[in-house]
Every structure is written in structure tokens, then in C-alpha cells.
Asks: 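What follows is a single structure, and I will ask about it in a moment.
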Amino acid sequence: MAYSFTLHGIPVSRGIAIGRAHLIAPAAMDVQHYLIEQEQVEAEVQRLENAITTAHKELENLWADLPKDSPVELGAFLDVHAMILSDPLISEAPLDIIRKRRYNAEWALVTQLEELTEHFDGIDDAYLRERKADIQQIGERVLKVLTGTARTLLPTSADHDRTHMIVVAHDISPADMIQFREHTFSGFLTDLGGQNSHAAIVARSLDIPAVVGMSHASDLIEQDDWVVIDGDAGVVIVDPSPLVLDYYRNRQTTLLKARKKLSKLKKAAAITQDGTPITLLANIEFPEDCPTALDVGAQGVGLFRSEFLFMSRPLGAPKMPGEEEQFEAYRKAVVAMRGRPVTIRTLDIGADKQIEAIEQNALNPALGLRAIRYCLSEPKLFLAQLRAILRASAFGKVKLLVPMIAHAFEIDQTLAMIEQAKTQLRNTGHKFDADIEVGAMIEIPAAVLALPMFISRLDFLSIGTNDLIQYALAIDRGDHEVAHLYNPLHPAILQMLSMTIRAGAKSGIPVSMCGEVAGNTKLTRLLLGMGLREFSMHPSQLLAVKQEILNCDLQQIASRTKRIVNLYEPSAIEHEMEQLQAM
């Protein structure tokens, strides 16, 4: 007899999923260890080289066979895995172990993988820790070729008849996600992962319920168990009682009806009940995201994360995109948005985003040479990007956004380099918008406390809540041990958001918000009450936020919002937020 139990993890994609568990067993890392004879060394080296080549071909084939409707993130993550596989630490170091220690190929590969992954365990940053999983996934792929064993990823013929499938795994690689795309895959949960893991990003792009960081879920859940995923709460219920199952089925039905209703809002203007227009923009990573943004009625792009062009290099492409490649990507996005504004953020690497071609050795990447700090230290790279962005501005409305600025001299140096890039383009006869607007991300507490310094120099501000909350509360939201401390309703956060929005309104400088808080419908009314009039979010969140806006009367919520901002007790804030939602 099965007993019902509940597991808790990190919610990464909202919604309710109900189905039978389909377990993915990880490839065994417990391989045979034996020494080979000296005359067998080169043959063993060749065996490992052949396995690496085969793994490369598998990734290339998966990339080539991607369905047209696949999220661009899937192809990007395959590119990342291909880059890792090409890295000498994976493709060459194990060969040296075979030659020097006379280990068999499997042992040599696992030895090198263990040495590499040990370095990740002590890293504080969540995104970097999750790259350990990428290395392990690549290692498993090569081991599978070496040993001739394959993981059971896809359902059996009997499973094909089932309506829903919940994937349960220790971890899921991008390649695994692609194989599941063609099957009845309604949700997934993993032992590993955090907010920035590949699985989490793909889940959000596919808009399917998912919970990660569950530690031992794959050990506790058995094949074919009934599973309910509550992607809003980060809760998984295994073998629920009939009463609980009915409750979640009713919730699921309600959510599906609500989603269908939302689709009718695509062409509706985002205007509050008292007649105040609100601008809703989309966050994108690649030009290919633009049709999705337009489909949900986005009024432009509030954040084009340019670093993805640097992070996700196509197979065989140079390690870094040059000016022409960047220009073409930016131009495609500008043209695709059909006259709507496109805000392009300059290269934001470090901490949660690493680039293979750039060596990062900071003890704490989150506080090191990242974002604008890195760009100013590499003027040649920065000028190439600035020229590419400026050239794209000749094809439509472009705004230039600079991340992680904290000092006046950083603003001044950035503006000087923009002028230098303009001069270079004039000398080469390239067209561009000479009056391009330049703004800064407000994502460091110091920036909030020094807003006049930004307002006097720049054309607009964009609040990056992801980093602002993380830095203000000194917690890593991707770390499941402290994730519960990541709270956008902390009194200090409320004060900083309100201060920034008020300062912009007082000075007449536009303030937008592009962090995850902007797409959280539970906070939409609060942000509107603070005075925020421009939201930028993942396209999948836009219609739900629009619905909140259409149902909101700013005059009614003004006094309650002011009261919430001035509160310090969590229970009082929670109570007032409930009242605000009910208005």
C-alpha cells in the first residue's frame, strides 16, 4: 500500500501538473578501475577520443533536429555543452592521465571529472555551482558511449498511452529535455538545481510546472507513482489521497480556464480602471524571442540580455562574437519589433553568467570584475559592442542600458566610451541614432542611495530586482539553504523600490523594472501604487500582469500602498498585502 507524502523544493515555473512519475536513472559514475599495459596506452587514448567525438556528433544531431517551436534556450544550452566537451580539461586532460598513469579510459575520465567538480563545491555563487552539473552531464554522455550503455529516457510503449507524464530525475540535461519535447511531458522535478539551472530556465520558457532542488526526490518517488506538482508553492505531493487529487485537479482546471481567458487580452491596452496607461515590455535573450513577445502584445523590449550572444556560441563559431555578428543580432531584434523600442543591455558577465573565452578567477564573482566593471577594463571589447548597438539604432528605436553601475566615474567613463564609439562610426560612415538614450540598471543598494548622481547624468533607469534583493539581503536566492530569505517584501526592499520610483517621477526621468518582481502578479498592485508605470518581464508573464492592471484602480490603492511601504513588521506587511490584493 502506497502512503502519501509531501516534498518541498525551489519553485522555478508556475502552475499545477498531475501525472504518473517517470524516473530517469543517471548514468553510473561508478566505473571499472584497472591499469593497462604500456603497449595498450595509445589504443585506450584512441578509445576515449572516439567516445568524445561520438558525444560531439550526438549533440550536433540533437541541435540539428530541434523542432522549430523549441525555446531558443535549448539550442543555447546544447552549445554550452558542446563548448564544455571541447575544453582541454575534458577533451585532453583525461588522455594525459591515461598516458601518465596507465588508467583505463573510464577511470581516467571519472578521475578528471571528480577533480574538476570538487572545485565547484566551495563556490558561493549558485549559477557557478550549477555549472558543476553541466560537467557531470557531459561526463555521463561520454561514459555512456564508452560503456555502450544508454539511459532509459523515453517512456515505454505502454507509457505512450498515458495522458500525462511527470519526469523525476536527479538532474536533467538540455539534451534530455529535447527528447522529452515530443512526448506527453507535463512537468518535472529534480534533486539538484536552483533558479538559474538550465532545467529551470527551460521550464520557464516552456511554461510548464517544475520544482528543483528537492535533494532526494528521485530516491523516494517510485516509477508510476501519482505525483502532483504545485509550481507556485514549490510543493510536490506523492500518491495524494482522492480528496487532495480532486482539489488539485479543480485548481488545474481553474488555471487552464484562466489561461484561455488571458489570451483574449493580447490586443487590449494596458490601462488601469482610472484611465492610467501602463507600458508592458518583454525580456529577451535572442532575436528569435521577438515573435513571442509580439504575440502576447508586448509594447517593446525592456531588456535584451546581450550576454547570451557571448555565452551560447554555435558549434564551430569563434569563442567571442565580433562587432558584425552582434550588430546583425541587434538589428534583427530591432527590425522584428516593428518600430517598438528595444532596450539592449551591455555585456553583463560575472557571478551568475560566465563566458568560456573569458577566464574568471575572482574569489567572489558576485563582487568581482563583472558587468560594467569588466567592460571598462576591456575597452576594445566594449567599444565593439557599443558600435554594434549604435549601428542597430539606425533601424529603429534603441535604448542602451548599462548594468551594475555604482560610481559616478563609471557613468562618466561609459558615456565617454559611447561618444568614442559614435566618433569611430562617423569616421567609417556608419549611420546611427546620435541621440540614443542611455540608462543604468539600479541593482546595487549604493545606487539607490545615490540616485541624484544617476538622474543628473542619464536618460532613464531600470530596476534590476534580482540582484538588488540579493545584494541588499546578502543572500543567494539560488541556494536552497537560504532561498527562504529571498523576500521582495522585506521592509528594506520596499523602501528601496519606492525611493527609486519616487525619485524618477520627481525628476521626470523614466523608471522601469526588468527583474523577476516585475512579472510577479502578487506584487503588480503594490508596484503600481508605488508609481511604477513601465514593467518588463518574460513574455509568458505579460498577460497575467496585464489582467491585474486592468482590474486595478490607482486611486483606491494609493493610501494602502503608502501604508505598506512604511511598515516594518512582516505580519503587518502580509496582512496589508492581502487587503491590497482584495481591492
Side-chain angles (χ1 to χ4, degrees), residues 279 281 283 300-307 330 341-353 366-367 369-379 382-383 385-386 389-390 393 397-422 433 435-472 493 496-518 531-536:
T279 301
L281 308 168
N283 295 344
V301 171
L303 177 63
F304 184 153
R305 297 184 174 98
S306 68
E307 58 272 10
Y330 305 146
V342 176
T343 301
I344 304 174
R345 182 173 68 187
T346 59
L347 183 60
D348 185 7
I349 61 163
D352 60 339
K353 309 176 199 76
L367 302 178
L369 192 67
R370 60 165 295 197
I372 191 59
R373 301 170 183 176
Y374 177 80
C375 288
L376 291 176
S377 72
E378 296 287 343
F382 194 30
L383 283 169
Q385 180 174 42
L386 292 175
I389 295 173
L390 286 167
S393 70
K397 177 66 174 178
V398 173
K399 300 167 73 175
L400 200 156
L401 181 61
V402 187
M404 204 181 173
I405 286 186
H407 302 274
F409 73 84
E410 290 174 332
I411 304 176
D412 295 339
Q413 285 182 16
T414 299
L415 293 175
M417 291 195 72
I418 293 172
E419 289 305 314
Q420 185 179 348
K422 289 180 180 179
D433 178 7
D435 297 319
I436 189 171
E437 293 180 31
V438 180
M441 294 279 289
I442 302 300
E443 52 188 343
I444 302 175
V448 178
L449 298 175
L451 283 169
M453 180 176 76
F454 290 77
I455 290 170
S456 64
R457 289 170 164 83
L458 298 164
D459 301 307
F460 68 96
L461 304 176
S462 184
I463 304 173
T465 55
N466 300 0
D467 272 340
L468 182 62
I469 296 172
Q470 180 166 260
Y471 287 130
I493 304 303
M496 287 192 288
L497 296 180
S498 180
M499 284 172 61
T500 305
I501 295 167
R502 284 202 321 269
K506 185 177 180 180
S507 62
I509 184 171
V511 175
S512 65
M513 181 179 291
C514 60
E516 287 189 15
V517 168
L532 187 67
R533 298 293 179 261
E534 189 170 295
F535 297 67
S536 189

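From a predicted model like this one, the values you see are computed outputs, not experimental measurements.
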Asks: According to side chain to side chain donor-acceptor pair (under 3.5 Å), who are the partners of Thr343, at least two apart in sequence or on a separate chain?
Replies: none
Asks: With side chain to side chain contact (heavy atoms under 4.5 Å, CB included) as the criterion, how do Met496 and Ile469 come out once you've worked through the C-alpha distance, each side chain's angles and the decisive distance to 0.1 Å?
Replies: CA-CA 10 Å; Met496 287 192 288; Ile469 296 172; over 6 Å; no
Asks: Can you find a heavy atom in the side chain of Leu497 that is under 4.5 Å from one in the side chain of Leu532?
Replies: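 A side-chain contact is absent here, since even the closest heavy-atom pair is not under 4.5 Å.
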Asks: For Tyr471 and Pro445, work out which heavy atoms get closest and say how close.
Replies: CB-CD, 3.8 Å
Asks: What closest approach, in Å, do Ala447 and Phe454 show between heavy atoms, and which atom pair accounts for it?
Replies: CB-CZ, 3.6 Å
Asks: Tell me which donor-acceptor pairs under 3.5 Å the side chains of residues 397-407 have, and how far apart each pair is, sequence neighbours excluded?
Replies:
| unit_1 | atom_1 | unit_2 | atom_2 | d |
| --- | --- | --- | --- | --- |
| Lys397 | NZ | Glu437 | OE2 | 3.0 |

Asks: With side chains defined as the heavy atoms from C-beta onward, is the minimum distance between Leu461 and Leu451 less than 4.5 Å?
Replies: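 A side-chain contact under 4.5 Å exists here.
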Asks: Do any N or O atoms from the side chain of Gln385 and from the backbone of Leu347 form a donor-acceptor pair under 3.5 angstrom?
Replies: yes
Asks: If I compare all heavy atoms of Leu390 with all of Ala421, which pair ends up nearest, and what's the gap?
Replies: CD1-CB, 3.8 Å
Asks: May I ask you to test the Leu376-Met417 pair for a side-chain heavy-atom distance under 4.5 Å?
Replies: yes
Asks: Distance from Ile389 atom CD1 to Ile344 atom CD1, nearest 0.5 Å?
Replies: 5.0 Å
Asks: Hey, could you give me the CD1/CG distance between Ile444 and Leu468, rounded to the nearest 0.5 Å?
Replies: 9.0 Å
Asks: Within the structure provided, determine whether Phe382 and Thr414 are in side-chain contact (heavy-atom separation under 4.5 Å).
Replies: yes
Asks: Can you find a heavy atom in the side chain of Arg345 that is under 4.5 Å from one in the side chain of Glu307?
Replies: yes
Asks: When you look at Ile493 and Thr465, which way does the side chain to side chain contact (heavy atoms under 4.5 Å, CB included) test go after all the steps?
Replies: CA-CA 9 Å; Ile493 304 303; Thr465 55; over 6 Å; no
Asks: In this structure, which one of Cys514, Ser462, Ser536 forms a side-chain contact (heavy atoms from CB on, under 4.5 Å) with Leu281?
Replies: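 For Leu281, the side-chain contact (heavy atoms from CB on, under 4.5 Å) check succeeds only for Ser536.
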Asks: Going by heavy atoms in the side chains, are Ile411 and Val438 under 4.5 Å from each other?
Replies: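 They are not in contact (no side-chain heavy atoms under 4.5 Å apart), so the answer is no.
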Asks: CD1 of Ile442 to CG of Asp467: how many Å apart, nearest 0.5 Å?
Replies: 12.5 Å
Asks: Closest heavy-atom contact between Asp459 and Ile436?
Replies: OD2-O, 4.1 Å
Asks: Under a 4.0 Å threshold between the charged nitrogen and the carboxylate oxygen, would Arg305 count as salt-bridged to Asp348?
Replies: no
Asks: CD/Glu534 to CD1/Ile463 distance, rounded to the nearest 0.5 angstrom?
Replies: 11.0 Å
Asks: What pair of heavy atoms forms the shortest contact from Val517 to Met513, and how long is it?
Replies: CG1-SD, 3.8 Å
Asks: If you look at every heavy atom in Arg502 and Ser498, which pair is closest and at what distance?
Replies: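 Nearest pair, atom of Arg502 first, then Ser498: NH1-OG, 2.7 Å.
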Asks: Starting at CZ of Arg370, measure out to OG of Ser377 and round the result to the nearest 0.5 Å.
Replies: 13.5 Å
Asks: Can you check whether Gln420 reaches Leu386 side chain to side chain, under 4.5 Å on heavy atoms?
Replies: no
Asks: Answer yes or no: is there a side-chain heavy-atom contact under 4.5 Å between Asn466 and Glu443?
Replies: no
